[in-house]
Trainee: 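Attaching a single structure in structure tokens format; questions to follow.
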Amino acid sequence: MVDKALNDTHQSAFDAIKETVGEFTVADPKMRTKNVDVFYGDKQAIFDVSLDIGNNEVIAMIGPSGCGKSTFLRCLNRMNDTIPTCRVSGSMSLEGEDLYGPNLDPVLLRARVGMVFQKPNPFAKSIYDNVAYGPRIHGLSNNRAELDDIVIGSLKKAGLYDEVKDRLEAPGTSLSGGQQQRLCIARTIAVSPEVILMDEPCSALDPIATARIEELIDELRENYAIAIVTHSMQQAARVSQRTAYFHLGKLVEVGETNHIFTNPSHELTENYITGRFG
Ligand SMILES: Nc1ncnc2c1ncn2[C@@H]1O[C@H](COP(=O)(O)OP(=O)(O)O)[C@@H](O)[C@H]1O
Ligand SMILES: [Mg+2]
């Protein structure tokens with residue numbers, strides 16, 4: 001059991017946090033968020049968070065369970081819209097376009113800002129149809145040959161093609177967990193997103209499958225902006241260039257990953273990364 005005294009200390013340190021430590025803006029932002037609050041009914045889950053997501057960067061979001069990482073991530077492609085009690089305020093934009101503006105179609109937004117979940121969730125369809133699903137509903141191909149190109153290209157980018165090329169008609173669910181997660185990544189890539197959000201994408205995978213996904217994340221950075229929530233500090237250190245530390249719904253500190261893990265500026269960040277709290 002975590003010490004009650006320690007918890008109280010953290011609560012009071014937390015109460016004193018007025019501003020995020022570190023630079024929350026970047027020179028080349030893909031997405032910008034400013035003064036974001038999120039409520040579930042009367043309960044506030046995110047407090048005044050401002051954070052940019054840069055082009056071609058992997059930003060890791062870390063912090064104790066329940067600190068709001070998934071909630072914040074879900075704001076970035078309006079997945080919270082699907083939760084009736086959830087209310088979001090503040091400003092959020094993608095390439096300068098207001099995410100909550102009247103002209104923005106959330107379905108199109110979710111193609112531009114794709115999401116990979118904790119548990120691989122392939123559709124009950126063939127490997128091919130899993131990847132072809134998005135391009136079909138968004139009308140991204142004119143004929144079967146074009147669709148084949150998108151499916152094969154996406155499977156290649158997700159590092160899965162060689163393992164499945166002889167069984168594209170097999171069910172997605174017949175793959176191993178790690179392969180299923182790469183299939184879900186291929187499905188996300190197939191609609192040409194600009195940003196990929198990943199919520200603890202490796203937590204259901206073994207170490208080898210995890211290593212494969214981490215390599216893939218590094219390769220994907222060349223073409224996409226990536227925000228990854230992880231409870232593994234080692235993973236954050238391995239895959240990200242910037243790290244954001246959340247605590248009880250506030251963004252405590254953000255900065256270069258090396259800096260956050262070797263020389264954090266805030267006491268709460270330090271306590272978390274040294275394992276004293278979490
Ligand atoms: N659908 C929901 N309805 C009500 N409260 C929620 C819901 N999802 C999350 N919360 C609450 O919001 C807070 C942040 O949760 P979450 O974003 O899931 O944190 P994390 O991903 O960091 O573990 C928690 O207090 C959690 O209980
Ligand atoms: Mg979560």
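Whatever order the structure lists them in is the order used to number ligands and atoms, beginning at 1. All values below were derived from every heavy atom in this structure, side-chain atoms included, with hydrogens, water molecules and symmetry-related copies excluded.
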Trainee: Strictly under 4.0 Å, does any heavy atom of Gly63 approach an atom of ligand 1?
Mentor: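 It does not, in that no heavy atom of Gly63 comes within the 4.0 Å cut-off of ligand 1.
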Trainee: In terms of atom number and element, which parts of ligand 1 are under 4.0 angstrom from non-hydrogen atoms of Ser65?
Mentor: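 Taking each heavy atom of Ser65 in turn, ligand 1 has 23 (O) under 4.0 Å.
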Trainee: For the residue pair Val252 and Thr20, establish whether any side-chain heavy-atom pair is separated by less than 4.5 Å.
Mentor: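 Result no, sub-4.5 Å side-chain heavy-atom pair not found.
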Trainee: Using the rule that Ile, Leu, Val, Met, Phe, Trp and Tyr join whenever any side-chain heavy atoms are under 4.5 Å apart, tell me whether Val229 and Tyr224 fall into a single cluster.
Mentor: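 Each belongs to a different hydrophobic cluster.
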Trainee: At less than 2.8 Å, would any N/O/S atom of Thr71, backbone or side chain, sit next to the Mg ion (ligand 2)?
Mentor: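 Here the distance criterion (N, O or S atom, under 2.8 Å) is not met by Thr71, so no.
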Trainee: Please list the nearest protein heavy atom to atom 10 (N) of ligand 1 with its residue and the distance rounded to 0.1 Å.
Mentor: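 For atom 10 (N) of ligand 1, the nearest protein heavy atom comes out as Tyr40 CE1, 3.3 Å.
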Trainee: Under a 4.0 Å N-O cut-off, is there an ion pair linking Glu163 with Arg182?
Mentor: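 A salt bridge is present here (some side-chain N lies under 4.0 Å from a carboxylate O).
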Trainee: Around atom 18 (O) of ligand 1, find the nearest protein heavy atom and jot down its residue, atom name and distance.
Mentor: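 For this ligand atom, the closest protein heavy atom is Ser70 CB, 4.0 Å.
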Trainee: Give the contacting part of Ala45 toward ligand 1: side chain, backbone, both or neither, where contact means a heavy-atom distance below 4.0 Å.
Mentor: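 For Ala45, the contact with ligand 1 is made by the side chain alone.
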Trainee: For atom 27 (O) of ligand 1, grab the closest protein heavy atom and report residue, atom and distance to one decimal in Å.
Mentor: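 Answer, as residue, atom name and distance: Lys43 NZ, 4.3 Å.
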Trainee: Who's the nearest protein heavy-atom neighbour of atom 19 (O) of ligand 1, and how far?
Mentor: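 Nearest neighbour among protein heavy atoms for atom 19 (O) of ligand 1, to 0.1 Å: Gly68 N, 3.2 Å.
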Trainee: Is the number of heavy atoms from other residues, nucleotides or ligands under 6.0 Å of Tyr133 OH greater than 12?
Mentor: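 Counting neighbours around OH of Tyr133, 12 or fewer heavy atoms of other residues, nucleotides or ligands fall under 6.0 Å, so no.
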Trainee: Do Val113 and Val49 share a hydrophobic cluster, counting only Ile, Leu, Val, Met, Phe, Trp and Tyr and linking them when any side-chain heavy atoms are less than 4.5 Å apart?
Mentor: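 Yes.
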Trainee: Report the nearest protein non-hydrogen atom to atom 17 (O) of ligand 1: residue, atom name, distance rounded to 0.1 Å.
Mentor: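 For atom 17 (O) of ligand 1, the nearest protein heavy atom is Thr71 OG1, 2.5 Å.
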Trainee: Identify the residue among Glu256, Glu253, Glu57 that makes a salt bridge (charged side-chain N to carboxylate O under 4.0 Å, His left out) with Arg242.
Mentor: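 It is Glu57, the one option of Glu256, Glu253, Glu57 that forms the salt bridge (charged side-chain N to carboxylate O under 4.0 Å, His left out) with Arg242.
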Trainee: Any Lys/Arg nitrogen of Arg112 or Glu97 sitting under 4.0 Å from an Asp/Glu carboxylate oxygen of the other?
Mentor: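 Salt bridge flag = yes for Glu97 with Arg112.
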Trainee: Within the structure, does Gly66 bring an N/O atom to less than 3.5 angstrom of an N/O atom in ligand 1?
Mentor: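 There is such a contact, yes.
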